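Notes for the one structure printed next.
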Number of protein chains: 2
Amino acid sequence: MTTTLTDLAGPGPLPDQDARTRVLETAYRLFYRHGLRATGIDRIIAESGVAKASLYRHFPTKQALIEAYLDVRHARWMDWLETRLAAQASAAQWLAALPDALDDWFRAPGFRGCAFINGHAEVGSEAPPMTVQHKRELAQRIERACREAGLAGPGDRAADLLLAVEGAIVRAQMEGADAARAPLQRAFSRVLA
Amino acid sequence: MTTTLTDLAGPGPLPDQDARTRVLETAYRLFYRHGLRATGIDRIIAESGVAKASLYRHFPTKQALIEAYLDVRHARWMDWLETRLAAQASAAQWLAALPDALDDWFRAPGFRGCAFINGHAEVGSEAPPMTVQHKRELAQRIERACREAGLAGPGDRAADLLLAVEGAIVRAQMEGADAARAPLQRAFSRVLA
DNA sequence: ATGTTGACAGACAGACCTGTCTTGTTCAAG
DNA sequence: CTTGAACAAGACAGGTCTGTCTGTCAACAT
């Protein structure tokens with residue numbers, strides 16, 4: 001499965017998949033676009049064309065649906081990143097190309113920041129574990145690239161890059177992609193120098 | 001007025017100020033701690049010991065109360081920053097001391113990230129203008145320091161520092177202050193080098 | 001043919017939401 | 001002393017929230 005940029009913004013229009021898939025895809029789109037609390041079960045019911053009993057058969061609580069959404073989101077985002085950077089021949093090039101890849105994401109229609117940052121900001125400390133787990137896996141992926149690129153101190157290096165990535169996501173969300181592009185590029189250049 | 005770190009986390013216990021102040025201080029604490037949507041009017045009523053009619057006399061809608069909260073938050077946060085860094089003799093020292101000041105904030109009891117990032121993440125594009133205005137004023141303050149320190153390209157420099165600051169706030173919120181401290185310090189060292 | 005399974009449709013419960021309104025009290029200015 | 005503003009307490013309206021429950025229907029296996 002290769003995840004495209006539009007998959008990250010929202011799913012396709014209206015598939016005639018089974019009820020569970022329709023619920024999850026609709027929740028995916030609404031949760032990301034409008035937030036967790038702002039999205040009610042009734043709206044997910046209406047827009048997915050599914051009976052309420054069917055939703056609660058597959059997802060016993062709204063919390064369970066949120067967690068399923070975050071799991072899918074994590075898988076798709078990581079998959080998109082790998083696909084987007086698959087053409088890079090070396091780990092060094094992979095790292096150097098990361099800012100451009102993120103810039104593509106920031107400019108994608110429907111971009112509304114990081115679902116995990118937003119989710120964590122919304123529900124606070126009682127957030128599902130995936131909100132923080134996603135960031136850890138991204139940090140590990142970046143650290144692996146640093147190690148494979150033969151950089152000294154890959155752990156610190158990855159932490160520095162992740163700090164810049166998080167900052168760029170927030171900047172792009174609040175001020176637009178243009179506000180994040182150049183600073184992110186410069187931050188990467190400095191860390192990888 | 002000098003704003004202390006505990007003022008940023010939540011106001012004092014229960015003053016016998018007038019009704020408007022009690023409402024605003026209670027809203028300040030609850031909105032920051034639990035989020036905008038999660039905090040209902042009834043709870044603000046109950047914890048501030050104020051009649052509902054009194055609340056609605058001073059703040060015609062919840063939205064107006066949210067905007068008043070963000071205004072106060074902005075003023076207090078900027079005031080805290082100036083106070084915290086007032087001892088720095090030069091603009092260069094002011095900039096160099098910023099990471100330590102932020103680290104203090106990250107370690108303050110009740111720290112739950114940036115109220116403006118969180119607010120923007122929660123309500124999305126219909127967010128009050130103050131959510132983005134706060135960041136612009138902070139960027140201007142940093143840019144001024146860069147200019148006064150005689151650094152070349154103060155605009156770009158400030159944008160780079162702000163990116164690191166935003167990233168550090170998010171990292172500290174999700175993983176704790178320790179995860180943000182060293183990367184933020186290194187990012188500042190590189191940009192100011 | 002009969003029973004099972006999944007889905008649709010929607011009423012319903014109980015809680016909570018924002019916002020309005022009523023009633024009674026306190027207190028201070030005219 | 002009177003008048004009016006600010007306030008406390010809380011009922012109330014109308015809506016939305018999550019989650020449960022009752023029925024009906026179609027597909028499919030036995």
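If you're wondering where the values come from, they're calculated on a predicted model, not measured in any experiment.
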message: So that I can tick it off, tell me whether A:Asp18 and A:Arg22 are bridged by a salt bridge, with the cut-off set at under 4.0 angstrom between side-chain N and carboxylate O.
response: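 Answer for the salt bridge query: no.
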task: Tell me, please, whether A:Tyr28 has A:Arg76 positioned over its six-membered ring: NZ or CZ under 6.0 Å from the ring centre and within 45 degrees of its axis?
output: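 Pair A:Arg76/A:Tyr28 counts as cation-pi.
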query: Any cation-pi pair here, A:Arg73 with A:Tyr32, using under 6.0 Å and within 45°?
result: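 Yes, a cation-pi geometry holds between A:Arg73 and A:Tyr32.
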Nearest whole angstrom, please: distance from the [atom2] of [N] to the [atom1] of [X].
| X | N | atom1 | atom2 | value |
| --- | --- | --- | --- | --- |
| A:Leu36 | D:dT18 | CG | P | 11 Å |
| A:Phe31 | D:dC17 | CZ | C1' | 13 Å |
| B:Tyr56 | D:dG10 | OH | C1' | 15 Å |
| A:Leu30 | D:dC17 | CG | P | 12 Å |
| A:Ile66 | D:dT18 | CD1 | C1' | 11 Å |
| B:Asp18 | D:dC7 | CG | P | 7 Å |
| B:Asp42 | D:dG10 | CG | P | 12 Å |
| B:His58 | D:dA8 | NE2 | C1' | 13 Å |

message: Going 5' to 3' along DNA chain C, which are the first and last nucleotides with any atom under 4.0 Å from a heavy atom of chain B?
response: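 The contact span of chain B on DNA chain C goes from C:dT18 to C:dC21.
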- request: Report yes if some heavy atom in the side chain of B:Asp103 is under 4.5 Å from a heavy atom in the side chain of B:Leu184; otherwise report no.
  value: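 Sidechains of B:Leu184 and B:Asp103: no contact.
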message: Between A:Thr83 (side chain only) and A:Asp79 (backbone N and O only), is there a donor and an acceptor less than 3.5 Å apart?
response: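 Such a contact is found between A:Thr83 side chain and A:Asp79 backbone.
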message: What's the separation between atom CZ in A:Phe188 and atom CG in A:Leu98, rounded to the nearest 0.5 Å?
response: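 These two atoms lie 4.5 Å from each other.
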